[in-house]
Amino acid sequence: MKSAVVERWFASTKPPSEAALRRVRDLILGADPSMRERIQYGITFSSTKSGDFVAFVRYSEGGVNLGLMRGRRLRGRYPHREGATVKRMRIADEREASARAAELRSMVKEWCALGDAASAKATAKRAATSGRARRKAEPYRASPR
């Protein structure tokens with residue numbers, strides 16, 4: 001979902017590769033309905049309830065520089081993902097962004113699936129824990145003989 005705050009960021013910042021940044025933004029936000037965006041630390045972030053996915057970093061330079069938050073969790077084959085520990089992706093222009101559309105969408109979908117799986121696991125753990133807590137709270141009853 002596009003944010004008015006991010007629109008104002010584009011208007012005030014006027015990054016040199018605005019068209020490419022907007023194209024990447026559209027691809028990320030369009031890949032999954034749970035994706036949201038915000039401004040933090042003066043840069044834009046795309047995220048879900050389970051955490052930040054990506055940020056536009058070094059936006060004052062030409063091209064698009066994506067900083068992938070926890071990008072090592074992504075297990076799919078993404079040939080344009082770079083970096084040994086900190087994962088990133090560089091995109092030169094709007095044309096290249098369009099050419100990488102499928103790769104970006106796949107990354108978003110995998111990220112969202114990881115969040116959904118973690119959320120389901122946490123819900124199951126809470127349910128199991130609350131069941132144990134309930135059993136512990138019940139008074140001991142000797143079984144009738």
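Since this is a predicted model, take the numbers as computed values, not measurements.
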For R72 against A84, the heavy-atom pair lying closest together: CD-O, 4.2 Å
Derivation and outcome, side chain to side chain contact (heavy atoms under 4.5 Å, CB included), residues M35 and C112: CA-CA 8 Å; M35 267 296 157; C112 292; 4.1 Å; yes
Y78: which of E103, K87, E110, R100 passes side chain to side chain donor-acceptor pair (under 3.5 Å): E110
Distance (rounded to the nearest 0.5 Å) between D52 CG and W111 CH2: 7.5 Å
Rounded distance [0.5 Å steps], CG in N65 versus CE in M89: 11.5 Å
Verdict with reasoning, D93 to R23, per salt bridge (charged side-chain N to carboxylate O under 4.0 Å, His left out): CA-CA 9 Å; D93 54 27; R23 177 67 178 136; over 6 Å; no
E37 vs T44, side chain to side chain contact (heavy atoms under 4.5 Å, CB included): CA-CA, chis, key distance, verdict: CA-CA 7 Å; E37 63 181 354; T44 66; 5.6 Å; no
L66 versus V57, closest heavy-atom pair with distance: C-CG2, 4.3 Å
Heavy-atom pair of closest approach, residues M69 and V54: CG-N, 4.3 Å
Test item: S34 and R36 side chains (from C-beta on) under 4.5 Å apart, heavy atoms: no
E18 and R25: CA distance, side-chain angles, deciding distance, salt bridge (charged side-chain N to carboxylate O under 4.0 Å, His left out) verdict: CA-CA 10 Å; E18 183 174 346; R25 172 192 186 206; over 6 Å; no
Side-chain donor or acceptor of T13 paired with backbone N/O of P15 under 3.5 Å: no
Rounded distance (nearest 0.5 Å) linking atom NZ of K109 with atom CG of L114: 13.5 Å
Closest non-hydrogen atom pair between P16 and G62, with its separation: CG-N, 4.3 Å
Pairing of D26 and K2 as salt bridge, 4.0 angstrom limit: yes
Between CZ on residue R22 and OG on residue S17, distance to nearest 0.5 Å: 13.0 Å
Neighbour count above 12 (heavy atom, 6.0 Å) for R38 CZ: yes
Gap between atom CZ of F53 and atom CG of D32 - 0.5 Å precision: 10.5 Å
Residue pair E82, R90: steps toward the salt bridge (charged side-chain N to carboxylate O under 4.0 Å, His left out) verdict: CA-CA 8 Å; E82 306 170 358; R90 290 181 261 204; 2.6 Å; yes
Heavy-atom pair with the smallest gap, counting every atom of A97 and I91: N-CG2, 3.4 Å
Heavy-atom pair with the smallest gap, counting every atom of R58 and E61: NH2-OE1, 2.9 Å
Ring geometry between Y59 and W9 (parallel below 30°, tilted from 30 to 60°, perpendicular above 60°): perpendicular
